[in-house]
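Below is one structure, written out as structure tokens; comments come after it.
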2 protein chains.
Amino acid sequence: MVLEMDHVETILGQWKKQRPDLDCSPMGVIGRVGRARQLMTNKLDDVYKRYELSSIEFDILASLRRLGEAVTPTELYQTLMLSSGAMSTRVDGLVKRGLVERQASEIDRRSCLVTLTTEGLALIDKVVEAHVANEHQMLLALTEEEQAQLAMLLKKWLVANE
Amino acid sequence: MVLEMDHVETILGQWKKQRPDLDCSPMGVIGRVGRARQLMTNKLDDVYKRYELSSIEFDILASLRRLGEAVTPTELYQTLMLSSGAMSTRVDGLVKRGLVERQASEIDRRSCLVTLTTEGLALIDKVVEAHVANEHQMLLALTEEEQAQLAMLLKKWLVANE
DNA sequence: TATTGTTATACTCTATAACTATA
DNA sequence: TATAGTTATAGAGTATAACAATA
């Protein structure tokens with residue numbers, strides 16, 4: 001059996017030596033979630049950049065696509081945890097590129113609905129396919145069963161903490 | 001048995017409805033790693049802020065502490081994945097607060113060693129204790145065995161991908 | 001010539017709050 | 001008065017590259 005170490009294992013060993021009184025075992029989980037996230041984010045960004053999208057732009061377009069309906073800027077910034085001002089700026093950029101449109105609301109004239117244009121829909125459908133293929137590729141180091149187990153454990157933590 | 005949903009489960013359902021042709025199962029893993037990371041980061045930041053440290057400042061002080069020896073700015077920015085300029089700025093801030101010092105290197109006069117001051121050492125020891133206690137608290141939703149399993153699965157992925 | 005580390009510059013992204021229009 | 005959304009401002013953080021000193 002091969003006993004390979006990862007970066008967090010090294011860090012745990014260093015703490016063990018310098019502060020043997022501390023039980024740093026939770027770093028084995030939390031540190032690895034952080035490090036995995038960082039590496040995963042880099043790989044996800046590779047695909048976004050191929051289509052000249054930032055991570056947030058992808059999230060906006062993907063939200064509109066998977067919800068299957070137009071949503072207000074307020075719903076968008078609350079869902080994606082951005083300020084209203086930041087969302088306005090992001091939507092502006094997508095409007096300028098012809099990927100989304102703002103439609104006046106018929107029931108509340110203060111409000112508007114952000115919708116995908118034909119070009120935006122075609123783009124996000126293409127990007128999501130590349131995105132999902134990329135994600136499949138990223139998980140090849142784990143068996144289907146391990147992936148399911150990992151998802152299940154993270155879900156249990158999230159149900160208790162989100 | 002309780003079947004609670006998390007946020008990612010909702011998103012998976014939306015994709016299933018809008019794009020039933022796509023196998024989005026990897027989102028169950030990658031999406032949850034990202035979401036868990038975000039929630040964990042917020043909770044970790046609570047402790048850092050209590051001691052008026054940013055996440056990066058904590059990382060610098062903790063690196064010095066667990067390595068148990070002085071390191072060069074170059075080692076620091078490579079380990080923490082920052083640019084050299086950004087590290088200079090961060091170290092400056094910690095020097096101004098009396099938490100670290102720059103010592104001239106005796107073997108290479110271009111270089112220096114960053115060391116914890118007495119105050120810096122006392123501070124990081126206190127913060128790390130609060131940090132580890134915080135991390136223990138954050139994982140209470142999982143049993144010891146589940147935590148170990150989660151760490152093991154993430155480690156397997158990291159060994160193959162980092 | 002190459003490398004270490006600092007400094008100066010410019011850029012990206014953001015939150016905040018002021019603001020307009022409407023409810 | 002409160003809310004939806006935009007705009008203007010200012011701040012945090014960064015990378016980049018120019019720079020000085022040394023290898």
Side-chain angles (χ1 to χ4, degrees), chain A residues 34 37-38 41-42 44-46 48-49 51-61 63-64 67 69-97 99-115, chain B residues 34 37-38 41-42 44-46 48-49 51-61 63-64 67 69-97 99-115:
Chain A
R37 168 62 178 171
Q38 185 154 27
T41 297
N42 290 343
L44 296 179
D45 283 344
D46 290 342
Y48 304 154
K49 278 175 194 153
Y51 296 92
E52 295 182 344
L53 292 174
S54 70
S55 164
I56 289 175
E57 287 169 334
F58 172 83
D59 284 342
I60 295 173
L61 297 178
S63 294
L64 294 171
L67 291 170
E69 58 182 15
V71 295
T72 62
T74 299
E75 288 171 300
L76 279 177
Y77 78 69
Q78 286 173 351
T79 303
L80 300 179
M81 294 194 278
L82 275 184
S83 66
S84 59
M87 184 54 69
S88 278
T89 307
R90 294 297 119 204
V91 171
D92 277 351
L94 293 172
V95 168
K96 270 179 198 148
R97 292 165 61 182
L99 300 174
V100 305
E101 282 173 347
R102 288 185 175 95
Q103 294 181 347
S105 165
E106 296 178 358
I107 44 175
D108 184 341
R109 284 199 294 175
R110 294 170 304 182
S111 186
C112 66
L113 289 172
V114 181
T115 63
Chain B
R37 168 61 178 174
Q38 185 156 26
T41 296
N42 289 344
L44 295 179
D45 283 343
D46 290 343
Y48 304 154
K49 278 176 194 151
Y51 295 92
E52 295 181 344
L53 293 173
S54 70
S55 164
I56 289 175
E57 287 169 335
F58 172 83
D59 284 342
I60 295 173
L61 297 178
S63 294
L64 294 171
L67 291 170
E69 58 183 14
V71 294
T72 63
T74 299
E75 287 172 301
L76 279 177
Y77 78 69
Q78 286 173 351
T79 303
L80 300 178
M81 294 194 279
L82 275 183
S83 67
S84 59
M87 185 53 70
S88 276
T89 307
R90 293 298 119 205
V91 171
D92 276 351
L94 293 172
V95 167
K96 269 179 198 146
R97 291 165 64 182
L99 300 174
V100 305
E101 282 173 347
R102 288 185 175 97
Q103 292 182 348
S105 164
E106 296 179 358
I107 43 175
D108 184 340
R109 284 199 293 175
R110 293 170 304 182
S111 185
C112 67
L113 290 171
V114 182
T115 62

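Computed from heavy atoms alone, side chains included, the values below leave out hydrogens, waters and symmetry copies. Bear in mind that the values here come from a model prediction, so they are computed numbers and not experimental data. All chains are named by letter (A, B, ...) in the order of the sequence lines, taking the proteins before the strands, and each is independently numbered beginning at 1.
- The minimum heavy-atom distance between B:Pro73 and B:Cys112, with the atom names listed, is CD-O, 3.5 Å.
- One atom, CG of B:Leu53, and another, P of D:dG13, lie 12 Å apart when rounded to the nearest Å.
- Here the CG atom belonging to A:Leu113 is positioned 8.0 Å from the CD1 atom belonging to A:Ile107, to the nearest 0.5 angstrom.
- Here the P atom of nucleotide D:dA12 and the NZ atom of B:Lys49 are 14 Å apart, to the nearest Å.
- Within residues 78-92 of chain B, the residues that have a heavy atom under 4.0 Å from DNA chain C are, in order of number, B:Ser84, B:Gly85, B:Ser88, B:Asp92.
- At whole-Å resolution of the value, NZ in A:Lys96 and C1' in D:dT7 are 12 Å apart.
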Test B:Asp92 against B:Arg102 for side chain to side chain contact (heavy atoms under 4.5 Å, CB included), laying out the working first.
CA-CA 9 Å; B:Asp92 276 351; B:Arg102 288 185 175 97; 3.0 Å; yes
Listed pairs, N/O of protein and of nucleotides 19-23 of chain C, under 3.5 Å:
{"unit_1": "C:dA23", "atom_1": "OP1", "unit_2": "A:Arg109", "atom_2": "N", "d": "3.0"}

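- You'll find the side chain of A:Thr72 stays beyond 4.5 Å of the side chain of A:Val114, heavy atoms only.
- One atom, CG of B:Asp45, and another, P of D:dG13, lie 11 Å apart when rounded to the nearest Å.
- Distance A:Tyr77 OH to D:dA4 C1': 8 Å, rounded to the nearest Å.
- From B:Tyr48, atom OH reaches atom CG of B:Asp59 across 6.0 Å, with rounding to the nearest 0.5 Å.
- Nearest heavy-atom pair, A:Glu57 versus A:Glu52, reported as atom, atom and distance to 0.1 Å: OE1-O, 4.0 Å.
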Show me the donor-acceptor pairs, under 3.5 Å and distance only, between side chains in residues 79-91 of chain A and residues at least two apart or in other chains.
{"unit_1": "A:Thr79", "atom_1": "OG1", "unit_2": "A:Glu75", "atom_2": "O", "d": "2.7"}
{"unit_1": "A:Ser83", "atom_1": "OG", "unit_2": "A:Ala86", "atom_2": "N", "d": "3.1"}
{"unit_1": "A:Thr89", "atom_1": "OG1", "unit_2": "A:Gly85", "atom_2": "O", "d": "3.1"}

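- By the 4.5 Å heavy-atom criterion applied to side chains, B:Leu44 and B:Ser55 are not counted as neighbours.
- B:Leu64 approaches B:Thr115 most closely through the heavy-atom pair CD1-C, 4.5 Å.
- Contact annotation for B:Ser105: no contact, since no heavy-atom pair falls under 4.0 Å across all strands.
- Regarding B:Ile60, its CD1 atom lies at a distance of 14 Å from the C1' atom of D:dT14, rounded to whole Å.
- The distance between atom CG of A:Leu76 and atom P of C:dT14, rounded to the nearest whole Å, is 14 Å.
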